[in-house]
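First the structure, then my questions, so here it is.
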There are 2 protein chains.
Amino acid sequence: MPKVALDAIDRKILKYLIKNARMPFLEIARECGISGAAIHQRIRKLDEAGVILGSRLVVNPKMMGFDVCAHVSITLRDPKLLSEAIEELKKVPEIVECHFITGAGNILAKLYCVDNEHLMRTIFDGILHIQGLASTETMISLQEVFQREINIDFIEE
Amino acid sequence: MPKVALDAIDRKILKYLIKNARMPFLEIARECGISGAAIHQRIRKLDEAGVILGSRLVVNPKMMGFDVCAHVSITLRDPKLLSEAIEELKKVPEIVECHFITGAGNILAKLYCVDNEHLMRTIFDGILHIQGLASTETMISLQEVFQREINIDFIEE
DNA sequence: ACTGAAAGACGTGCATA
DNA sequence: TATGCACGTCTTTCAGT
């Protein structure tokens, strides 16, 4: 994946929008000391370059009725079935994140469920029924202590 | 954590904003068939109720120079040191997510690094130097296959 | 809870330096 | 790459239902 040269203003723009995606461009412009049109152009370029993937409202899962968060490490019966297994995992709505990993297991999936019974059904009916999966190991998240975006400041390139 | 009664319009508003945090309220209003002022009021209430936690620009970590993603499962020497360990983990800028978990280890942390050398330094200097930690197990993410927000549609309450 | 109206702020495109 | 300007749209508030 290619990298893009980001100057101090680009980083500042991203820093603000990472914290608050709805921050007005004109407010960013005032903070950066350049015109709103310039901010607008820079954001469009960052978007076109693939630096910006989108924006999201962050909701509280518990408030939405999702009391259980878990990570499931999945071991494949046959590594050849990896891509098919991924396609099936995409169809499981409870899963919000999916990685190929090294270490214990081949795939790590993060998911949200309503309760433990729902988690059990998701693992047994949703995940383990997928062809090519050998076993799973579930790590229930007792508490999501914090979650944040990448800090783009701590590294100076 | 208390739940909040969300009707169909609240869900629709959240659904749109989860996909695109910058979607204009008036556009949401047109989709929902109610006035912009009503959307505005509902969003304010969802915010005050703690359903909405904020909004974020989603950036491509690789484009920012973070080529390595990993999950680290951490085992504590003494469970009493949990909260102090968490405070120290919060100070490690590479870590973006942190959970108390059941299973293999006590804490699961997700982090982004520039390269494998940076990952090594983060684990040895940043994480393992924290008091109270006994051991870590690192699962390097070879590929972040997908990442998405909770689908709030698949469950009808 | 929702509406409509009104004032000010904002996004966006364009011509230009 | 930045700017200023102009037009249309959006946010926000508030009185009224």
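What's counted below: heavy atoms across the whole structure, side chains too, no hydrogens, waters or symmetry copies. Chain naming here is simple, since letters A, B, ... match the order of the sequence lines and numbering starts at 1 in each.
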Does the side chain of A/Q147 come under 3.5 Å of the side chain of B/H99 through a donor N or O and an acceptor N or O? no
With a 4.0 Å limit, can you tell me whether A/R42 has a side-chain N or O closer than that to the phosphate oxygens OP1/OP2 of D/dT3? no
If you look at every strand shown and take non-hydrogen atoms under 4.0 Å, does B/I34 touch a base, only sugar-phosphate, or nothing?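 Sugar-phosphate contact only.
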Once you round it to whole Å, what is the distance between C1' of D/dT11 and CD of A/E27? 13 Å
Which of these nucleotides, D/dT11, C/dC14, C/dC10, is closest to any side-chain atom of A/P24? C/dC10
Side chain of B/S35: nearest nucleotide among C/dT3, C/dA1, D/dT11?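 That would be C/dT3.
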Residue A/A37, side-chain atoms from C-beta onward, closest of C/dC14, C/dA1, C/dG4: C/dC14
What is the distance, rounded to the nearest whole Å, between atom CZ of B/F25 and atom C1' of D/dT13?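 Rounding to the nearest Å, CZ of B/F25 and C1' of D/dT13 are 14 Å apart.
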For the residue pair A/H40 and A/F25, categorise the inter-ring angle as parallel (less than 30°), tilted (30 to 60°) or perpendicular (more than 60°). tilted
Does the pair B/E88 and B/H129 meet the rule for a side-chain hydrogen bond (donor to acceptor under 3.5 Å, both in side chains), with working shown? CA-CA 10 Å; B/E88 292 303 311; B/H129 273 192; over 6 Å; no
Nearest-Å distance, CD (A/E48) to C1' (C/dT12)? 14 Å
Taking atom types as they are modelled, would you say the side chain of B/Q41 forms a donor-acceptor pair with the base of D/dT12 within the 3.5 Å cutoff?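 There is none.
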I'd like to know if the side chain of A/S141 reaches the main chain of A/A70, judged simply by a donor and an acceptor atom lying under 3.5 Å from each other, with no hydrogens or angles considered. no
OP1 or OP2 of C/dT12 under 4.0 Å from side-chain N/O of A/H40: yes
The side chain of B/L26 lies closest to which of these nucleotides: D/dT11, D/dC14, C/dG11? D/dT11
Counting the atoms with a prime plus P, OP1 and OP2 as sugar-phosphate, which does A/R44 contact under 4.0 Å by heavy atoms, base, sugar-phosphate, or nothing? nothing
Quick check: on DNA chain D, is the nucleotide nearest A/I39 upstream (toward 5') of the one nearest A/R22, or the reverse? Name the residue that is more 5'.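 Nearest nucleotide further toward 5': that of A/I39.
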C/dC10 P sits how many Å from B/M23 CE, rounded?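 Nearest whole value for this atom pair: 21 Å.
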Can you name the closest pair of heavy atoms from A/V72 and A/L111 and give their distance? CG2-CD2, 3.9 Å
